[in-house]
Structures are given as C-alpha cells and as structure tokens.
Amino acid sequence: MLQQADWLLTLPTALSQFVDLGEDSLVPDDFTEREMQSGMWWRHLVAGAMAGAVSRTCTAPLDRVKVFLQVRPTEFVSIQACVRHMYQEGGTKSFWRGNGINVFKIAPESAIKFTAYEQVKRLLRGNSKRELTIYERGLAGSIAGAISQTIVYPLEVLKTRMALRKTGQFKGMADMAQHIARHEGLRAFYRGYLPNLIGIMPYAGIDLAIYETMKNTYTSRHAISASDPSITLVLACGTISSACGQLASYPLALVRTRLQASCNEDTSLLQIFRNIIQKDGFVGLYRGITPNFLKVAPAVSISYVVYEHVRQALGVTMT
C-alpha cells in the first residue's frame, strides 16, 4: 500500500479521488498493482463517490444559482435575486432541484472513466512496465474523461433542465427525458457537447501544470521533499489549481450550459459567444462564476472529511 503522501501524489488532478467540486473531474484515480490485485481500488472509488455525493448535495444551492445566472442573465442580475426567486417559486426544496441527477451520475461516470483510464494507460505504456509521467497520465485522463462524458452527457443536459424547471412542470427525470425526446429529438441530449469536450484539455492541462508548479516551488523553497508533501499543502495547491482550471475553461462551460438549456436547434456555439460579447463584453463570459468559486472551499472540506470517514469504515489504510 502506498504511504499517504505517495497516494496523494498519484492523483494527477491533485485531489480527484476525494475532492469533488461538482464539476467535471477529468483524471481518474491511479492505483498500484497491489491495490488492483487486492481489490482495494473499488473501496477507494466507493469512498470517493460517497464524498462526491455529500459534497454536491451540500453545495447544490450554489450550483443552481450558477445555472440561473448563466442562462438567464437579464432576469437575475445577482445571487440574492436568484435565491429569492427559488425560494418564492418552490420553497426550500427547490434549492436542490437537479441535484438528484448530479449525484446519480457519479457512479457510472467514475466507473467508465476508471475503466477507460486503465486501458489508455496500457496503450501508452506498451510492453514496458515503466511509470507514466504526470503529463502522460494527464493525457490518459483527458481521453478517459472525454469517453465518460460522451456516455453520460445526456444526464448533464437533464441536470441543467431540471435545475431550470418550474415547480410541477414535470413529474421527474423520466418525464422530462420523454418530453425532450418527443419535442426536440434525441440530438437535444447532446446539445452543448462540443464546448464541453473542448473544455477538457485546457482544464486538465492548467490544473496539472499549476498544481505541479506550486507544489514544487513551495517544497524547494522550504527544503521539503516533493515526494512527501503535507496534506495541507496538497489541499491548498489542489484547490488553487482547480480554481485556475475552472477560470480558464469557464467561458466554454457557460456556453455549454446555455446550449443545454436551449430548445432552439439553430443556436450555435459561435453565435452564443458572439451574443454574450456584444451584450455584456468579455466580463459576460464569466457570468455566474462567483457562486462557482464560493462552493470551492466548502466542497473541498466536506469531500475530504467524508472521504476519510468512509475510507476508514471500509478498512482502507494509507500505510
């Protein structure tokens, strides 16, 4: 079994195993041969899924506020306006509208991503038994992320539509899916897929580069071994690098969400970009990013605490 520090360093996106921000976590967990053979890997995945579910549920109100600000900028100009509307329209329960799908897709997405990641790593490694570099793992993770996103993307569309729906508009996820298929066709379930796919590379690349740079700079200046960082350092570097990755890819995430919410097939990626810049300028591309950043700290803390408790309950040790 890896030591705790080594185990943390096997995560190319810094905290992908136990920190789930409700965004697209792109690079799956990286396990040793011993963990794979012993079956310990699935316990890590279960603990990570539980941590992600609790984290997403706790920060779901902020996620729904973000969607409103992204899709309806003229109706809702502030976080307070969104919160007021959600409460008046559907009461306290409405703050978690769409969260069920967000939690439901964690398990299949993680399983598909993990399987694809292992296969891509084998292809990159070839017949040798060498360790892949962090950038090779990043490439493998990006490909695995693209594969998993392709398969579970319809759930992303349903999540966005559920977050925007009015009280009583649909009986549930199945009813909404039937409505979309009947009135908009099956292609509607992949609306916004292109910007989502394009956003994978800058997010993963920037996240990896900033994390490694910050960690190595800090450890070299303070005479700390880069292979033995503290949990605090890993959490801090991972949180900042994740935030920077989101900052770089946010305009694509904004366009993706608007396409997901749109019922108009003629709406295109470039058209939405053009409309946003014409109406709101460059700042408009970051509409709704405030609640996105507000949830980073609580998401990190909640995910880590839940992961640690579930990990211990499942008998997963770090020594």
Side-chain angles (χ1 to χ4, degrees), residues 1-32 44 48 51-52 55 59 113 117 120-121 124-125 130-145 198-253 282 285-286 289-290 292-305 307-308 311 318-319:
M1 186 69 63
L2 293 174
Q3 292 183 348
Q4 184 166 330
D6 294 332
W7 167 74
L8 288 170
L9 287 171
T10 61
L11 303 179
T13 52
L15 300 172
S16 65
Q17 191 169 39
F18 54 82
V19 173
D20 185 288
L21 304 181
E23 304 298 324
D24 299 324
S25 179
L26 301 173
V27 182
D29 308 318
D30 207 355
F31 301 110
T32 63
H44 283 293
S55 172
T59 58
K113 199 184 303 179
Y117 183 54
V120 175
K121 280 198 304 179
L124 291 175
R125 192 179 288 118
R130 67 180 179 86
E131 286 294 320
L132 296 180
T133 67
I134 189 167
Y135 299 105
E136 286 177 318
R137 293 205 306 270
L139 174 62
S142 295
I143 295 172
I198 295 173
I200 285 179
M201 293 306 291
Y203 181 94
I206 291 170
D207 192 356
L208 284 169
I210 291 178
Y211 171 71
E212 282 297 300
T213 301
M214 287 182 63
K215 178 178 68 67
N216 292 336
T217 300
Y218 184 89
T219 53
S220 63
R221 287 184 179 179
H222 294 81
I224 301 171
S225 172
S227 63
D228 189 29
S230 66
I231 290 234
T232 303
L233 176 60
V234 173
L235 284 170
C237 292
T239 301
I240 294 171
S241 65
S242 178
C244 290
Q246 290 181 42
L247 190 64
S249 62
Y250 191 82
L252 286 166
F282 181 76
L285 295 173
Y286 288 89
I289 199 169
T290 300
N292 209 47
F293 279 159
L294 285 176
K295 71 178 184 178
V296 170
V300 167
S301 304
I302 293 167
S303 292
Y304 180 72
V305 171
Y307 180 85
E308 283 297 293
R311 174 184 68 76
M318 295 302 177
T319 56

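Note that the structure is predicted; figures quoted are calculated from it, not measured. Just so it is clear, the values below take in all heavy atoms, side chains as well, and ignore hydrogens, waters and symmetry mates.
- A144 and Y117 get closest at one heavy-atom pair: CB-N, 3.6 Å.
- Contact detail for F293 and L247: the closest heavy-atom pair is CZ-CD1, 4.0 Å.
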Walk me through whether L294 and T59 qualify under side chain to side chain contact (heavy atoms under 4.5 Å, CB included).
CA-CA 9 Å; L294 285 176; T59 58; over 6 Å; no
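- Using a distance-only test at 3.5 Å, with no hydrogens or angles considered, no donor-acceptor pair links the side chain of S55 to the main chain of A51.
- The two atoms that bring I289 and Y250 nearest to each other are N-OH, 3.2 Å, heavy atoms only.
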